[in-house]
A.B. asks: 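Dumping the structure here so I can ask a few things about it.
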Amino acid sequence: MISAANRFEYGFIGAGNMVSAIVQGMSAAGVEGESLAITDHSGKRAPVLAKAVDATYLPDTAELIRRSKTVILGMKPHQQNQLLRTYREEIAQSQPLVISIAAGRSIAQLEAQLPEGTAVVRVMPNVAAQVGLSTTALCGGTHTSAEQIRTATALCEAIGSAQVVAEELFPVFTALAGCSPAWFAATVDALAQAGVAEGLTKTAALTAAASAMEGTGKLIQAALAGGNTAADIVDQVCSPRGTTVAGLLAAEDAGLRRVWHSAVRAAVARDAHLSAN
Ligand SMILES: NC(=O)C1=CN([C@@H]2O[C@H](COP(=O)(O)OP(=O)(O)OC[C@H]3O[C@@H](n4cnc5c(N)ncnc54)[C@H](O)[C@@H]3O)[C@@H](O)[C@H]2O)C=CC1
Ligand SMILES: O=C(O)[C@@H]1CCC=N1
């Protein structure tokens, strides 16, 4: 085994959307590039990402596994099987902490594919990692020590906030935190388009809607910290006979709550499908 002093703290396998967000977030938070190694089987995005944060690009996945204390599986869920089959021996020899960020891949599935005794942490981040605002869930496996949970938590806290979540709640957490940035972005786009229909330029409409969303997120966090809820913000903005309540009731008549319930149910169902395959 390579001596601990010569090993990278974190080795990322895959350099797609989520790993790029994590690595850029870590770099912005002050994590030294020299502690990071990145590989990617396409050989295209990893060298660019590594260069951007002064990390090391390793074209050879086996070498990355041998030289990393913590290995982050950053590929799509269905791409894990082949990788874990191919590099089982390297993982058995170097015994890294293995972190999976894949939706729908359970600890039991990972442990069944990894060499006996491998320490695993399942993590669900979101793309706001890129700006240090991921809200990230993690849970440890059968062979994961408290120290290894602390290592994974430190990684997650470099890109935002982290909480240990029971694995059975990962599907719903994935919907509310992992998927919702896309849903919110689609909502902002839809809101902006409605603004365009009423005369704003698309840019002005997007800017107004996005900054209102950002401000509202902060207001809700402050409300929660003070023992209040999101509903209190709704009441604060809805003036009697005012514009907001008129718009809110129209949105609710059009299915506002039903839309979000459907979205969460569909994401949870898809997570179950990924878990089964
Ligand atoms: N995109 C998102 O917002 C989030 C994604 N995730 C999870 O993150 C994982 C990655 O998602 P994305 O970044 O969106 O996918 P992506 O398709 O953008 O990136 C996947 C990367 O893995 C690489 N890859 C695949 N197989 C490989 C192998 N055998 N060896 C080396 N590299 C390999 C691909 O070349 C690609 O760079 C997924 O498992 C997903 O469930 C989790 C939370 C949020
Ligand atoms: O769409 C997906 O499956 C991944 C997981 C959460 C966000 N993106």
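Atoms within each ligand, like the ligands themselves, are counted from 1 in listed order. Keep in mind it's a predicted model, so treat the numbers as computed, not measured.
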A.B. asks: Look up atom 7 (C) of ligand 2 and tell me if a protein heavy atom lies less than 4.0 Å from it?
C.D. replies: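 Under the 4.0 Å cut-off, atom 7 (C) of ligand 2 does have protein heavy-atom neighbours.
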A.B. asks: Before accepting this row, confirm whether a basic side-chain N of the pair R66/E63 lies closer than 4.0 Å to the acidic partner's carboxylate O.
C.D. replies: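 No, no charged N to carboxylate O under 4.0 Å.
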A.B. asks: Using a 4.0 Å cut-off to any heavy atom of A103, which atoms of ligand 2 qualify?
C.D. replies: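 Result: 5 (C).
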A.B. asks: Return the protein residues near ligand 1 (heavy atom under 4.0 Å from any of its atoms), ordered by chain and residue number.
C.D. replies: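 I13, G14, A15, G16, N17, M18, D40, H41, G74, M75, K76, P77, Q79, L83, I101, A102, A103, M124, P125, V127.
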A.B. asks: How far apart are the C-alpha atoms of V31 and V53, what are their side-chain angles, what is the distance that settles it, and do they pass the side-chain contact (heavy atoms from CB on, under 4.5 Å) test?
C.D. replies: CA-CA 9 Å; V31 176; V53 299; over 6 Å; no
A.B. asks: Quiz question: by atom type and distance under 3.5 Å, do the side chains of Q113 and Q109 form a donor-acceptor pair?
C.D. replies: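 Distance-only check fails for Q113 and Q109.
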A.B. asks: When you measure from the side chain of R67 to the backbone N and O of R7, does any donor-acceptor pair fall under 3.5 Å?
C.D. replies: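 Such a contact is absent between R67 side chain and R7 backbone.
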A.B. asks: Using a distance-only test with no angle check, is there a side-chain donor-acceptor pair under 3.5 angstrom linking Q148 and S145?
C.D. replies: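 Result is yes, a qualifying pair exists.
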A.B. asks: How long is the straight-line distance from OG1 of T118 back to CD of E116, given to the nearest 0.5 Å?
C.D. replies: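 Between E116 CD and T118 OG1, I get 8.0 Å after rounding to 0.5 Å.
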A.B. asks: Which of the numbered atoms in ligand 2 are under 4.0 angstrom from any heavy atom belonging to G178?
C.D. replies: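 What qualifies from ligand 2 is 6 (C), 7 (C).
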A.B. asks: Run the side-chain contact (heavy atoms from CB on, under 4.5 Å) check on I22 and L155 step by step: do they pass?
C.D. replies: CA-CA 9 Å; I22 293 173; L155 187 162; 4.2 Å; yes
A.B. asks: Tell me the closest heavy-atom pair linking A46 and T39, and the distance in Å.
C.D. replies: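 Heavy-atom minimum between the residues: CB-C, 3.8 Å.
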A.B. asks: Counting only non-hydrogen atoms of the protein, does one fall under 4.0 Å from atom 2 (C) of ligand 2?
C.D. replies: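 So far as the 4.0 Å threshold goes, atom 2 (C) of ligand 2 is out of reach of every protein heavy atom.
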